[in-house]
Amino acid sequence: MTSLFAVFLIIVAVLLIIAAAAAVWYISTSNKLKTLVIKIEEARSGIDIALTKRYDLLKKMFEITKGYAEFEKQTVIETIKMRTNKSISECSQVNSELNEAARQLNLAVEAYPTLKADSSFKQLQITVADVEEHLSASRRAYNSNVSIFNQLTVKFPSSIVANNLGFAPVDFFQADEEKRDDVHMSF
Amino acid sequence: MKDLFQLSEQLDELENLRKAVLRSLAFMAVLEVLAWAAVLAAIHFDVYLPRIAFYIPAAPLSMGFTLQFDRRRYKKKYNSLIVRQALERYFEIREFNSDYGIPYGTIKSTGMLRECNKYLANDYLSGSYKDIDFVQSDVQMTLQNSVFQKANVTMFKGRWMVFEFNKHFVCDMLVYEKSFRYAKHSEGLFSGEGRLERVETENVAFNEHFKVYAQNTVEAFYLLSPQIIDKLEEIRQNIRGDLILIFHNSHLHIGVNNFRDAFEPPVFSKIDVNTVMAGIDDDIGLITALADMLRLDRKVYKI
């Protein structure tokens, strides 16, 4: 009788240890996922800020360029609709449009050597290049965090926690092939 | 003609100093052997020896002072006559002194290496290369015998370089080869202020060989651009020893833990200017290669 009770106690103790370990694992996985969500949001916000800065700078550069070059039609920058707190797909869209604007600007600048030599324009080019590096860093940080997050939401057993908390895989920030390079502006 | 004659005279003087070092070394070795032979012979022939006799083999060690003096004189001459000339071909030298090195406080203040209790440094060089300000020295950090440490362990021996970095950054970052075991990133169960977070880059090969810890992930990616990551992989393949990079306080610290001293004069072989120059060029090449590969002269963003 005593030995049966002892076995029962051992089983209960083992089960309690397993339950405690499972609880610790559940809490740590859920904290990991929540931390990743915050990091993803931070990186997305970084992308948003860098895109807005890039837009503002390119707009200024177009203003300066207009003094030298006549654009036949509306410039790309004028068609871009910027709003705050963009979703990641909207960020990708705006990024592609800004790339197009930068291309249009580069073409115009190539034709005017005096504009290229303009000191304030040069300074803007340097600032844009730095903003592009920040944008690239935010994009890579975002995608790195999304990759870890998506793996956790898909892989077993962390997928159980993710499903319970209502987390689903998140979209990556898609960049144009050309944009994968760090610096885009030509000096 | 007069210059050549002077140079040849100075090289002769340098060669004499080398021979003096070699003589001291040989004399010390012979004395040591004789002292041990005397003690062992006395024991063998059962000759009574007072206790003090067992300290006799230690006597030649006093010659060590003479050796140190000769070595120091030789190194000073070697540095002023040969190393300095070689350095001047590449750098604008502000200071070059073989007697001391980068102060321990400079490395300790980064807070990213385990603290050592014995620190030695020499061959301090301060200057600029392609307008990049830098300081460098040979450094040796040892963890000495203590309650927690059973034996003395050399945690770092090699070159330590501090470059002015070409990008503005505010957060600290530590990048080191996985084989180096003395980095400190305070990763643990309890997060504290200024705790560094592990960063995984998109480059699988780089992640396999390096560990990255940073205060801010986005800034880590800003500093470690894909080009820099590729270059670090390339540098890792080309140098012997562990590579440690610390981004701290607008400066980039680079440690190369290769267990060797740079700019050391030859003792056992005759001074051949061409051979010696090739060796010095290799030592200099480490500084220039790191600055060039990491493109530290590209200061377009530091505005």
Side-chain angles (χ1 to χ4, degrees), chain A residues 24 27-28 31-32 34-36 38-50 53 57 119-120 122-152 172-173 175 177-187, chain B residues 131 165-173 175 187-193 195-208 210-233 247 250 252 293-303:
Chain A
V24 167
I27 292 165
S28 74
N31 280 346
K32 204 173 181 180
K34 284 172 188 170
T35 309
L36 277 168
I38 294 168
K39 280 184 175 180
I40 290 169
E41 191 46 40
E42 274 174 6
R44 191 203 57 78
S45 152
I47 293 172
D48 201 2
I49 291 166
K53 270 190 193 168
L57 286 164
S119 63
S120 56
K122 250 184 174 174
Q123 193 57 50
L124 279 172
Q125 278 185 312
I126 291 167
T127 317
V128 169
D130 192 33
V131 168
E132 285 180 350
E133 285 214 5
H134 276 288
L135 178 61
S136 166
S138 300
R139 173 177 63 78
R140 289 164 61 220
Y142 175 88
N143 283 348
S144 162
N145 287 322
V146 165
S147 169
I148 300 166
F149 180 81
N150 285 355
Q151 283 178 44
L152 284 173
F172 284 95
F173 181 89
E177 271 307 311
E178 201 182 335
K179 270 304 297 157
R180 288 178 209 277
D181 289 336
D182 261 5
V183 184
H184 196 233
M185 295 302 293
S186 58
F187 291 90
Chain B
D131 269 346
F165 198 61
N166 59 350
K167 281 182 178 177
H168 177 72
F169 62 94
V170 285
C171 297
D172 288 349
M173 182 165 74
V175 182
E187 191 197 33
L189 280 174
F190 306 102
S191 58
E193 205 180 318
R195 177 178 174 262
L196 303 179
E197 280 177 44
R198 178 84 190 264
V199 177
E200 290 275 334
T201 71
E202 63 276 53
N203 188 318
V204 181
F206 179 82
N207 292 343
E208 250 174 47
F210 287 94
K211 276 187 177 178
V212 180
Y213 287 87
Q215 277 177 333
N216 182 304
T217 319
V218 175
E219 202 165 74
F221 279 102
Y222 174 63
L223 295 170
L224 289 178
S225 66
Q227 288 86 344
I228 295 258
I229 287 175
D230 289 344
K231 289 292 173 198
L232 285 178
E233 254 301 288
F247 295 79
S250 301
L252 167 62
M293 285 179 122
L294 299 175
R295 297 187 67 188
L296 298 177
D297 59 328
R298 191 166 157 257
K299 289 185 182 165
V300 285
Y301 306 133
K302 223 168 179 189
I303 37 178

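Note on naming: letters A, B, ... go to the chains in the order of the sequence lines (proteins, then strands), and numbering restarts at 1 for each one.
Closest heavy-atom contact between A/Arg140 and B/Phe221: NH1-O, 2.8 Å. The heavy-atom pair separating B/Val218 from A/Ala137 by the smallest distance is O-CB, 3.5 Å.
The line from CG of A/Asn143 to CD of B/Glu202 is 8.5 Å long, rounded to the nearest 0.5 Å. Rounding to the nearest 0.5 Å gives a distance of 5.5 Å between CD of A/Glu133 and OH of B/Tyr222.
At least one donor-acceptor pair closer than 3.5 Å links the side chain of A/Ser144 to the backbone N or O of B/Glu200.
In this view, A/Ser45 and A/Ile49 satisfy the side-chain contact (heavy atoms from CB on, under 4.5 Å) rule, not counting sequence neighbours. With sequence neighbours left out, the salt bridge (charged side-chain N to carboxylate O under 4.0 Å, His left out) criterion links B/Lys211 to no other residue.
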